[in-house]
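Each remark here refers to the structure printed beneath this line.
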Amino acid sequence: MSKKIKILYTIPNFDRAGSGKVVYDLVKGLDKTKFAPEICVFHTRGAFYSEVEALGVPIHVFKFEATYKPITTFVFRVFKIARFFKTQQFDLIHSWHYTSDFSEPLAARLAGIPYVYTKKAMGWGNKAWKIRTYLSTKVIAINTDMMTEFFYNMKTKVVQLPLGVDTEIYKPLKADVSLKKQLGIQELDFVIVSVVNMVPVKGIELLLEAVNQISSSSSIKVLIVGHNESDYAKGLMQKYGSHRFVFVGKQLDVKPYIALADVFVIPTKDEGRREGMPVAPLEAMAMGIPVIGANISGIKDILQDFPELLFKPSHTEDLKQKIEYFMANRPIYKNKLVALIHEKYNLSKFINDREQFYKSILK
């Protein structure tokens with residue numbers, strides 16, 4: 001039997017499920033007859049850590065990045081990381097660190113180990129990102145804008161591989177009648193759901209204002225799912241709270257709320273705002289719920305086959321028109337969007353793409 005490929009996944013923590021859930025799915029889904037995954041974190045805090053621990057793979061608690069200052073001793077701190085990598089005899093390191101830190105890929109180089117990082121967000125504000133990329137063996141970009149804006153002259157080093165969603169967990173679900181009753185949803189209501197981090201740049205008020213301007217808005221019910229204890233959230237609740245706009249708060253399981261939707265909306269009021277690749281719309285589409293989203297990085301990749309469902313960020317009137325268009329044409333979308341997820345963004349493809357990617361590096 002050939003030797004298994006020993007891969008180290010580095011991620012600072014599992015405080016939140018975001019990228020942590022992606023790493024979890026990847027480690028869980030890898031073919032264990034060919035790969036031996038391990039994980040390295042800064043600390044073991046975080047509600048999601050226990051789920052990762054239950055995977056049963058080795059987890060190292062080690063600071064895999066070095067501070068740059070004082071610069072005179074920087075190299076010694078990097079050598080400490082390199083020694084850890086080399087001692088563990090990893091075949092490949094795949095970083096999910098969100099920062100532009102380049103001490104980690106430098107340590108991997110010194111240890112003679114191929115190093116990959118996933119570019120998760122649209123930040124590129126300092127030279128450290130270029131150094132990090134130069135020191136890496138390969139880079140994974142998750143949307144098209146990254147390829148054209150950050151890596152336009154690095155096509156041999158960078159590959160675009162989108163994220164994926166578990167279609168065994170996120171699949172069409174029958175609406176919970178008792179939950180509909182609890183939320184005051186009537187049989188003929190048109191339900192809009194948005195699962196969102198309640199911060200100003202997300203532009204929740206854009207959605208609420210757009211609905212207010214629709215002539216038939218009395219038959220529309222909007223559910224906002226997300227932490228509602230911030231001053232921003234409380235301000236929205238005070239201004240818009242009514243039988244039409246329901247702020248349900250943060251939910252550990254959002255699936256029952258998404259299942260109530262006729263459409264899932266991702267608003268933003270910031271024209272300069274860009275996403276890596278938000279997972280929430282993928283999950284909604286996998287459940288058979290069509291998505292209307294802002295025409296920004298990440299989201300426009302997901303909806304590129306349905307440009308009529310993209311609206312101009314910060315444009316209330318355009319979002320209003322997209323909602324009205326969808327209300328008149330919704331029957332044509334449901335099955336198409338589920339098929340899109342199964343074709344391009346399913347978890348099996350996400351894992352298989354990376355397995356083949358790892359093999360191409362090490363062949």
Side-chain angles (χ1 to χ4, degrees), residues 121-122 143-146 148-149 189-226 232-233 235-237 239-242 244-247 257-258 260-285 287-334 336-337 340-341 345:
M122 294 300 293
N143 72 38
T144 304
D145 282 353
M146 290 179 180
T148 57
E149 294 181 33
D189 282 346
F190 179 85
V191 181
I192 298 173
V193 172
S194 189
V195 179
V196 65
N197 183 15
M198 297 279 279
V199 293
V201 294
K202 294 294 185 179
I204 302 303
E205 64 270 33
L206 190 78
L207 170 59
L208 305 181
E209 281 297 327
V211 171
N212 265 340
Q213 294 177 21
I214 295 174
S215 58
S216 60
S217 64
S218 59
S219 64
I220 298 176
K221 180 80 76 173
V222 180
L223 306 183
I224 306 298
V225 184
Y232 169 70
L236 290 180
M237 292 167 66
K239 183 176 180 179
Y240 295 100
S242 68
R244 280 185 299 159
F245 304 119
V246 183
F247 296 80
Y257 295 88
I258 296 176
L260 300 176
D262 291 292
V263 68
F264 186 99
V265 175
I266 317 166
T268 181
K269 71 173 185 179
D270 185 352
E271 293 193 53
R273 180 171 176 76
R274 302 183 299 169
E275 299 271 0
M277 179 163 284
V279 176
L282 297 178
E283 293 170 345
M285 290 161 65
M287 292 180 65
I289 308 301
V291 171
I292 295 174
N295 191 6
I296 61 174
S297 299
I299 296 174
K300 67 182 181 183
D301 275 28
I302 296 170
L303 293 174
Q304 62 181 324
D305 294 335
F306 305 95
E308 68 276 17
L309 299 181
L310 290 167
F311 69 92
K312 299 175 185 176
S314 81
H315 285 249
T316 305
E317 176 63 24
D318 196 35
L319 175 55
K320 168 182 171 285
Q321 291 176 7
K322 292 299 190 291
I323 294 173
E324 289 176 323
Y325 164 82
F326 179 81
M327 292 176 73
N329 296 277
R330 53 181 159 167
I332 67 175
Y333 286 102
K334 186 170 183 177
K336 287 183 179 181
L337 291 170
L340 175 68
I341 293 298
Y345 300 105

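Taking each heavy atom of Ile299 and Ala294 in turn, the nearest pair found is CG2-O, 3.3 Å. Of all non-hydrogen atoms in Phe311 and Asp318, the two that sit nearest each other are CA-OD2, 3.2 Å. Between Tyr232 and Ile204 the shortest heavy-atom distance is OH-N, 3.4 Å. Here the closest heavy-atom approach between residue Ile296 and residue Glu275 is recorded as CD1-CG, 3.8 Å. Nearest approach of Asp301 to Thr144, heavy atoms of both residues: OD2-N, 2.8 Å. Pro313 approaches Thr268 most closely through the heavy-atom pair CB-CG2, 3.5 Å.
Atom NZ of Lys202 sits about 6.0 Å away from atom CG of Asn197, to the nearest 0.5 Å. Summarising the geometry, atom CG belonging to Leu207 is positioned 5.5 Å from atom CD1 belonging to Ile192; distances are rounded to the nearest 0.5 Å. Here the CE atom belonging to Met122 is positioned 11.0 Å from the CE atom belonging to Met277, to the nearest 0.5 angstrom. Distance CG/Asp189 to NZ/Lys221: 6.0 Å, rounded to 0.5 Å. The distance from atom NZ of Lys300 to atom CG of Asp145, rounded to the nearest 0.5 Å, is 4.0 Å. To the nearest 0.5 angstrom, Leu236 atom CG is 6.5 Å from Leu208 atom CG.
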Are Glu205 and Tyr240 close enough, and set up right, to give a side-chain contact (heavy atoms from CB on, under 4.5 Å), and what steps lead you there?
CA-CA 9 Å; Glu205 64 270 33; Tyr240 295 100; 4.1 Å; yes
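For the pair Arg330/Val263, no side-chain contact is recorded, criterion being any heavy-atom separation below 4.5 Å from C-beta on.
At least one donor-acceptor pair under 3.5 Å links the side chain of Asn143 to the backbone N or O of Gly276.
The ring pair (Phe, Tyr, Trp, His ring centres under 6.0 Å) check on Phe326 picks up Tyr333, with sequence neighbours excluded.
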